[in-house]
S.K.: 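Please read through the structure below; I'll follow up with questions.
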Amino acid sequence: MRVLVVEDEELLADAVATGLRREAMAVDVVYDGAAARERVDVNEYDVVVLDRDLPLLHGDDVCRHIVELGLPTRVLMLTASGDVSDRVEGLEIGADDYLPKPFAFAELVARVRALGRRATTALPPVLERAGIRLDPNRREVFREERPVQLAPKEFAVLEVLMRAEGAVVSAEQLLEKAWDENTDPFTNVVRVTVMTLRRKLGEPPVITTVPGSGYRIGQ
């Protein structure tokens, strides 16, 4: 899942981003509304965690822009105000969910994951394919009932492949969904991560390389 965090309190923004990355999400961070608008114009995000009171461009205007673009991106709006009228106004603008500050990080993660599921084709909460069972909420992976310990990026890559339901996923798509925008697009990090993932999942291999196209997980 790829997430954009938009928050002008830099310490809070960076803390949220760090925590979401530990949950195996790819996270970009910006600190004002103008930068947020630029990012959504060029990158595809599953969820935008959007502070309402932003410098340069108000969070309401960023939200309206996302809606006008017709993107499947879901918006979780944050605000220091807990007034019901503010929440209603934010939802009417086009936000999909609303979370007042201060908030519990566990609740933020749960809401981001829920919105991420709504941004894509509906799939069961626990993904199963080719003898692999992946639970995004518990961050657990099993192969034929054997627990598999994965690093966050390995988990993220496996989740993207599982959600593709057998379709081929290119290296570029994996970079977009599992890494942030600071990753060098010419790096071999995808190939290395897939190799490590194959080794940890064990024999027989379940991730197939499709020459010139990408990777897939069969039945």
S.K.: Under the 6.0 Å and 45° cation-pi test, does Arg39 pair with Tyr45?
M.R.: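 Not flagged: Arg39 not positioned over aromatic ring of Tyr45.
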
S.K.: Evaluate the criterion side-chain contact (heavy atoms from CB on, under 4.5 Å) for residue pair Leu108 and Leu99; output intermediate values, then yes/no.
M.R.: CA-CA 8 Å; Leu108 174 70; Leu99 188 61; 3.9 Å; yes

S.K.: Can Thr209 and Arg198 be counted as having a side-chain donor-acceptor contact under 3.5 angstrom?
M.R.: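 Yes.
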
S.K.: Just to verify, what does Gln173 make a side-chain hydrogen bond (donor to acceptor under 3.5 Å, both in side chains) with, not counting sequence neighbours?
M.R.: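 Listed in chain order: Ser170.
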
S.K.: By side-chain hydrogen bond (donor to acceptor under 3.5 Å, both in side chains), which residues pair with Asp135, not counting sequence neighbours?
M.R.: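 Testing Asp135 for side-chain hydrogen bond (donor to acceptor under 3.5 Å, both in side chains), a comparison that skips the adjacent residues, returns none.
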
S.K.: Does a side-chain heavy-atom distance below 4.5 Å link Tyr215 with Thr208?
M.R.: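 In short, these two side chains do not touch, never coming nearer than 4.5 Å.
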
S.K.: Supply the atom-to-atom distance Leu201 CG to Glu144 CD, rounded to the nearest 0.5 angstrom.
M.R.: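 The CG atom of Leu201 sits 11.0 Å away from the CD atom of Glu144.
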
S.K.: What residues, two or more places apart in sequence or in another chain, satisfy side-chain contact (heavy atoms from CB on, under 4.5 Å) together with Ala34?
M.R.: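 In terms of side-chain contact (heavy atoms from CB on, under 4.5 Å), with neighbours along the sequence ignored, Ala34 is linked to Asp32, Leu56.
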
S.K.: Could you check whether atom CZ of Arg64 has more than 12 heavy atoms from other residues, nucleotides or ligands sitting under 6.0 Å from it?
M.R.: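 Atom CZ in Arg64 is crowded, with more than 12 foreign heavy atoms closer than 6.0 Å.
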
S.K.: Between Lys177 and Asp46, is there a side-chain heavy-atom distance shorter than 4.5 Å?
M.R.: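 Result yes, sub-4.5 Å side-chain heavy-atom pair found.
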
S.K.: Is the closest basic N to carboxylate O distance between Lys101 and Glu7 below 4.0 Å?
M.R.: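 Answer for the salt bridge query: yes.
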
S.K.: Under 4.0 Å between a side-chain nitrogen and a carboxylate oxygen: does that hold for Glu145 and Arg133?
M.R.: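 Result for this pair is yes, salt bridge flagged.
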
S.K.: Contact between Arg21 and Pro152 at the side-chain level, heavy atoms closer than 4.5 Å - yes or no?
M.R.: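 Of all side-chain heavy-atom pairs linking Pro152 with Arg21, none is under 4.5 Å.
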
S.K.: Can you tell me if Arg138 has over 12 outside heavy atoms packed within less than 6.0 Å of its CZ?
M.R.: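 Not buried by this count: 12 neighbours or fewer within 6.0 Å.
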
S.K.: Can you tell me if Tyr31 and Asp14 form a side-chain donor-acceptor pair at under 3.5 Å?
M.R.: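 Note: Tyr31 and Asp14 side chains meet the donor-acceptor criterion.
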
S.K.: Would you check if Leu134 and Val126 make a side-chain contact, meaning some heavy-atom pair closer than 4.5 Å?
M.R.: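 They are not in side-chain contact.
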
S.K.: Evaluate the criterion side-chain contact (heavy atoms from CB on, under 4.5 Å) for residue pair Val27 and Trp179; output intermediate values, then yes/no.
M.R.: CA-CA 7 Å; Val27 185; Trp179 279 269; over 6 Å; no

S.K.: Passes side-chain contact (heavy atoms from CB on, under 4.5 Å), Leu54 versus Asp61? Steps please.
M.R.: CA-CA 10 Å; Leu54 293 169; Asp61 295 316; over 6 Å; no

S.K.: Pairs in or reaching into residues 148-161: which pass side chain to side chain donor-acceptor pair (under 3.5 Å), with residues at least two apart or in two chains?
M.R.: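 Pairs touching residues 148-161 that pass the test: Glu154-Lys200, Glu159-Arg163.
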
S.K.: Identify whether Met25 and Phe105 are in the same connected component of the hydrophobic contact network (ILVMFWY, side-chain heavy atoms under 4.5 Å).
M.R.: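 Looking at the clustering, Phe105 is in the same group as Met25.
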
S.K.: Would you sort out whether Leu4 and Val49 count as a side-chain contact (heavy atoms from CB on, under 4.5 Å), showing the intermediate values?
M.R.: CA-CA 6 Å; Leu4 175 64; Val49 179; over 6 Å; no

S.K.: Taking the side chain as every heavy atom from C-beta outward, state whether Glu172 and Leu175 have any atom pair closer than 4.5 Å.
M.R.: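 They are not in side-chain contact.
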
S.K.: Taking transitive links into account, so neighbours of neighbours count too, which hydrophobic residues share a cluster with Val168 at under 4.5 Å side-chain distance?
M.R.: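 Under the 4.5 Å side-chain rule, Val168 groups with Val210.
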
S.K.: Suppose we screen for side-chain hydrogen bond (donor to acceptor under 3.5 Å, both in side chains). Which residues come up paired with Arg111, at least two apart in sequence or across chains?
M.R.: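 Arg111: side-chain hydrogen bond (donor to acceptor under 3.5 Å, both in side chains) contacts with Asp97, Glu107.
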
S.K.: Would you call Arg52 and Asp60 a salt bridge, taking side-chain N to carboxylate O under 4.0 Å as the test?
M.R.: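 Result for this pair is yes, salt bridge flagged.
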
S.K.: Compare all side-chain heavy atoms of Ile132 with those of Val141 and state whether any distance is below 4.5 angstrom.
M.R.: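 The answer is yes, as the side chains (C-beta and beyond) meet within the 4.5 Å cut-off.
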
